[in-house]
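Notes follow once the structure below has been shown.
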Amino acid sequence: MRIGIPREVKNHEYRVAITPAGVHELVSRGHQVFVEQEAGAGSSFADADYRAAGAQILAEADDVWAAAELLLKVKEPIAEEYSRLRPDLVLFTYLHLAASRECTDALIAAKTTAIAYETVQAPDGSLPLLAPMSEVAGRLAPQAGAYHLMASSGGRGVLMGGVPGVRPANVVILGGGVAGQNAAAMAVGMHADVTVLDLNVARLRELDDRYRGRLRTVVSNAFEVEQAVLGADLVIGAVLVPGARAPKLVSNELVSRMKPGSVLVDVAIDQGGCFEDSRPTTHADPTYRVHNSVFYCVANMPGAVPRTSTFGLTNATLPYVLEIAELGWRRATAADRALAAGLSTHDGEVLSTAVADAHGYRGFADGARVTPDLG
Ligand SMILES: NC(=O)C1=CN([C@@H]2O[C@H](COP(=O)(O)OP(=O)(O)OC[C@H]3O[C@@H](n4cnc5c(N)ncnc54)[C@H](O)[C@@H]3O)[C@@H](O)[C@H]2O)C=CC1
Ligand SMILES: CC(=O)C(=O)O
Ligand SMILES: [Mg+2]
């Protein structure tokens, strides 16, 4: 199969969809790989590294897209890329379509077959292609929060770990899944006072067992979220309902009663965000104020640590890329239900219930296809 790897174009996105080792694996199995010039530069991979692994380097993004039967990306296509979408292309990338009607409609209009990394779902319910980036974003969240808690960054002027004789920062993590657990690990490591809220008691039990009193676990409901948020210096939003828009757990009114200079990091922003006032920001301009609090809502947090993230991403995606390359998307999704769960659009139709629901597309019944009215 012909596989294309363009350079990412989103703001401060330095990841690339595959490492040279991944290219080597594909080429050694007889596939052709086309990499855009400098695509790996942000992750410290030179064109020569890809060439040595067997890739052909192409100067123009247009040529990479045109050469590809299967196009691997990191982030969803953005407006300047929509014209390159086409019906005989399989696009495999993070899509977050429930949060973007514009991108959904672009894929539908172009009749592209799109498979979303973040909804590939293993039989146990886990999300193997979201997990590595949730690990990265979760580990970054206390780091970003700690930075913005500094008075010099507009925050409350609280040091995460305090000092002997002075209280540490109060850190509240909403959602104890992959991102939440990784955020907790770092926040505990920084000696903060950490509380994790989740609906899933089994998750909280695991955390309680692992940390043996070094963090608190609380079942999530509106009352407990309010109590926790009012006491917090730093709130990290890390909830997920797979494929769907994130539930809004922190209202504008609640933020108005938070401590002045408190910081809210919304990791769940790529699914629409779990705070009422969340809107996506970029690494170039990551924060804004709501009442007296600082909101950080960067939708591609792992893009800031591209070298780590590109390895983590390729480790997870390569087995699925190989399935698609060897079998074609139809046979690959028929053979692997985890991969099939990632199918989002095909031939002008939405194949995901959660995405169709998020955009109110009419006539969608679970498992059926829907042709939205793009009117
Ligand atoms: N901003 C960024 O750069 C990145 C964002 N993400 C996002 O982070 C979010 C979390 O992802 P994962 O940790 O992998 O998901 P996960 O599925 O592992 O964990 C989500 C957790 O949220 C819990 N939850 C759902 N509703 C809740 C509620 N009302 N109250 C409390 N907990 C609730 C679930 O029980 C689950 O434990 C996703 O939206 C994902 O897309 C992931 C990577 C990068
Ligand atoms: C998961 C995702 O969207 C990201 O890593 O940017
Ligand atoms: Mg994202």
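Every heavy atom of this structure was used, including side-chain atoms; hydrogens, water molecules and symmetry mates were not. Counting starts at 1 for both ligands and their atoms, in listed order. Along the sequence shown, residues carry numbers from 1.
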Taking E8 first and then R15, would you say they form a salt bridge - that is, a charged N and a carboxylate O separated by under 4.0 Å? no

Note: G243 and T119 closest approach over all heavy atoms is CA-CG2, 3.8 Å

For H96, the atoms of ligand 2 under 4.0 Å from one of its heavy atoms are 1 (C), 2 (C), 3 (O)

Self-check item: F295 and F275 aromatic ring geometry - parallel, tilted or perpendicular at 30°/60° bounds
Solution: perpendicular

- Query: Going by distance only, is there an N or O of Y94 that falls short of 3.5 Å from an N or O of ligand 2?
  - Reply: no

Give me the ring orientation class for H148 and Y296: parallel if the planes are under 30° apart, tilted from 30 to 60°, perpendicular past 60°.
tilted

Nearest heavy atom to atom 11 (O) of ligand 1, choosing from S134, A246, G138, belongs to S134

Is L127 in polar range of ligand 1, meaning some N or O pair under 3.5 Å apart? no

Ligand 2 atoms nearer than 4.0 angstrom to some heavy atom of D270 are 1 (C), 2 (C), 3 (O)

For L130, the ligand 2 atoms with a heavy-atom partner under 4.0 Å come out as 1 (C)

Any heavy atom of A299 under 4.0 Å from ligand 2? The part involved is backbone

With heavy atoms and a 4.0 Å threshold, my read on which part of A179 contacts ligand 1 is both

Heavy-atom proximity to atom 32 (N) of ligand 1, picking from V239, V267, V201, points to V239

Ligand 2 to N300, heavy atom cutoff 4.0 Å, flagged ligand atoms 6 (O)

P302 heavy atoms within 4.0 Å reach ligand 2 at atoms 5 (O)

Next item on the list: May I ask you to check whether S220 has an N/O atom sitting below 3.5 Å from an N/O atom of ligand 1?
Entry: yes

In ligand 2, the atoms that come under 4.0 Å of a heavy atom of K75 are 2 (C), 3 (O), 4 (C), 6 (O)

